[in-house]
Amino acid sequence: MTQPTVYLIDDEPDMLELLASAVEMVDMLPVGFTLASDFFQQVTDIDTQSIMALDLHMPEMDGIEVMRRLATMDKTPQLILMSGHDEGVLHSAEKLGRAHNLKIITSLTKPIVLKEFQKLLVEQKGVSQHVDNRSTENRPKVTAAELKKAIERHELILFYQPQINISTGALAGVEALVRWNHPERGLIYPDEFILLAEREGLMKDLTRTVIDQSVRQEQLWQHEVDRLEVSVNISAIDITSLTLPEQLAELLAENKLSPSKLTLEVTESALMGELVKSLDILTRLRMRGVGLSIDDFGTGYSSLSQLHRVPFTELKIDQSFVFSMLEDDEARAIVKTCVMLGHELKMKVVAEGVETKEHLDLLREIGCDFAQGYYFSRAMPADEMTKRLHSTWP
Ligand code: C2E
Ligand code: CA
Ligand code: CA
């Protein structure tokens, strides 16, 4: 194994030296730059397993601009952000980086605790040696033509992840998550094809098969468990399709399913597009009795008035806040505020990304209604879900 590289970018030479020796001590290769522009000039082939510790505050080209440049590149290192500013600045920088699709390991406030820095590097080294099978790095990219064929051949299937009522512990619903059951490559996850579908005009067909399958599945399950709801993700493009409400109503009628059993999840950012048209469609869906959930709440830019205008029935707190709420005071404050806001607006509140009992306990204390996450179960195929309809969770 070659030594993993750690790029260090900081305008203070003393700091660079300190960090470099810390990197060497954990058996990794430090490559330091006091000028970010030198990094871009000198490093042409970036290994995606490499790490970059990046100071945000630099006189020549600051960390924010470095992230912007990285975002335009094919391969990028994984980032550790460093700043002498308060945590608020680091958090917004982290968010910005993620919005640019960069992998941010974490952010550290200066003065850097070297032990902590080294611990992160060692953990990261461990992770990259056991690259999980979801890693998309060495896999060939799928093409629009392949995806189109896959939809036609019914290779897109649904996995279901349980949603648990926090106060009773009972199964309250499931979220349908699409997977591509590829004949040679096995399961392909949505992060590899959703954007492609949106870009290449395949979203309508994709959503149709997803809604179709989930409605049929729900029709079977509703006899086994009363009040089991199914949630389906729809994209920005779907909520500008003026025929969606009618198509959906027909499908529900065909399957003799009450619209109240179905919830459509729309991300906050999807609303940003054609707001007037989306409002029209979402309102008509709601009038027909379909539930509407605002997904990834807290990561987008929807204003409170927008939230009030769209007749949402459910608010789904983004998992990034739930993950970190035990250690991070700000994340916890956001989760609490989302629960309060949702309840004030008469919405059910769901927390996703619940991975531990501690997460669940805190959510219960905060008064959140429903929880979803690996603590209970990952998403599973329909037949497995069927077997577990009456089990206790986790
Ligand atoms: P999402 O709607 O936010 O779905 C939640 C994602 O988080 C799922 O990933 C789920 O497997 C994962 N997850 C659930 N609990 C945990 C947990 O405790 N820890 C962690 N680390 N992750 C958890 P998945 O299935 O890979 O889906 C990714 C995204 O792809 C979804 O995010 C959604 O935006 C999109 N997507 C999935 N299915 C569909 C679909 O049928 N149509 C559309 N338009 N988008 C879909
Ligand atoms: Ca969702
Ligand atoms: Ca989500």
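Atoms within each ligand, like the ligands themselves, are counted from 1 in listed order. As the structure is a computational prediction, the values presented were derived from the model and not from experiment.
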Check your understanding: Do the side-chain N and O atoms of E352 and Q319 include a donor-acceptor pair separated by under 3.5 angstrom?
Key -> no
Review point. Would you call E246 and R284 a salt bridge, using N to O less than 4.0 angstrom?
Key: yes
Revision key, fill the gap. Rounded to the nearest 0.5 Å, the OG1 atom of T207 sits from the CG atom of L202 at a distance of 10.5 Å
Check your understanding: Do the charged groups of R378 and E384 touch, with an N to O distance under 4.0 Å?
Key -> no
Check your understanding: So is K316 in contact with ligand 1, going by heavy-atom distances below 4.0 Å?
Key -> no
Check your understanding: Relative to atom 42 (N) of ligand 1, which among N233, L195, L158 owns the nearest non-hydrogen atom?
Key -> N233
**Study point:** Salt bridge E175-K316, side-chain N to carboxylate O under 4.0 Å
**Key:** yes
**Study point:** For E175, the ligand 1 atoms whose distance to one of its heavy atoms is below 4.0 Å
**Key:** 2 (O), 4 (O)
**Study point:** Close N or O approach (R179, ligand 1; < 3.5 Å)
**Key:** yes
Exercise for review: Heavy-atom distances under 4.0 Å are what count here, so tell me which part of D191 touches ligand 1: side chain, backbone, both or neither.
Suggested key: neither
Point to revise | Test item: side-chain donor near acceptor, W221 and T386, under 3.5 Å | key: yes
Point to revise | For D295, atoms of ligand 1 separated by under 4.0 Å from a heavy atom | key: 2 (O)
Point to revise | Check: E155/H182 side-chain N/O donor and acceptor closer than 3.5 Å | key: no
Review point. In ligand 1, which numbered atoms sit nearer than 4.0 Å to a non-hydrogen atom of D296?
Key: 3 (O)
Review point. What is the OE2(E175)-the Ca ion (ligand 2)-OD1(N233) angle, to the nearest 10 degrees?
Key: 80°
Review point. In terms of side-chain geometry, is the basic nitrogen of K119 or E123 positioned less than 4.0 Å from the acidic oxygen of its partner?
Key: yes
Review point. Are R185 and W180 in a cation-pi contact, defined as NZ or CZ under 6.0 Å from the six-membered ring centre and within 45° of the axis?
Key: no
Exercise for review: Check each heavy atom of Y375 against ligand 1 and say whether those closer than 4.0 Å belong to the side chain, the backbone, both or neither.
Suggested key: neither
Point to revise | V178 contact mode with ligand 1 (heavy-atom cut-off under 4.0 Å) | key: both
Exercise for review: Looking only at N, O or S atoms, find the one in E265 nearest to the Ca ion (ligand 2) and name it.
Suggested key: OE1
Review point. Does a salt bridge link K148 with D205, judged by any charged N lying under 4.0 Å from a carboxylate O?
Key: no
Exercise for review: Mark the output for Q372 as yes if a heavy-atom distance to ligand 1 is under 4.0 Å, and as no if none is.
Suggested key: no
Review point. Closest to the Ca ion (ligand 2), which N/O/S atom of D295 is it?
Key: OD2
Check your understanding: Which atoms of ligand 1 are found less than 4.0 Å from any heavy atom of G373?
Key -> 15 (N), 18 (O)
Check your understanding: Relative to the ring of Y7, is the ring of F33 parallel (under 30°), tilted (30 to 60°) or perpendicular (over 60°)?
Key -> tilted
Exercise for review: Would you tell me which option among H359, R378, Q319, E355 has the nearest heavy-atom contact to atom 21 (N) of ligand 1?
Suggested key: E355
Check your understanding: Got a sec: is E352 within less than 3.0 Å of the Ca ion (ligand 2) via an N/O/S atom?
Key -> no
Review point. With atoms numbered from 1 as shown, which atoms in ligand 1 lie under 4.0 angstrom from a non-hydrogen atom of V354?
Key: 18 (O)
**Study point:** Identity of the nearest option to atom 35 (C) of ligand 1, non-hydrogen atoms only, from S231, P190, S320
**Key:** P190
Point to revise | Close N or O approach (Y189, ligand 1; < 3.5 Å) | key: no
**Study point:** F323 near ligand 1 by a heavy-atom separation under 4.0 Å
**Key:** yes
Exercise for review: Could you list the atoms of ligand 1 found under 4.0 angstrom from a heavy atom of G353?
Suggested key: 17 (C), 18 (O)
Check your understanding: Could R69 and F40 be counted as a cation-pi pair, given that NZ or CZ must be under 6.0 Å from the ring centre and within 45° of the axis?
Key -> yes
Check your understanding: So is E198 in contact with ligand 1, going by heavy-atom distances below 4.0 Å?
Key -> no
Exercise for review: Would you mind checking if D361 and K357 are paired as a salt bridge, meaning a charged N to carboxylate O distance below 4.0 Å?
Suggested key: yes
Point to revise | Polar proximity ligand 1 side, Q161 side, N/O cut 3.5 Å exclusive | key: yes
Review point. Is there a donor-acceptor contact under 3.5 Å from the side chain of R98 to the main chain of I104?
Key: yes
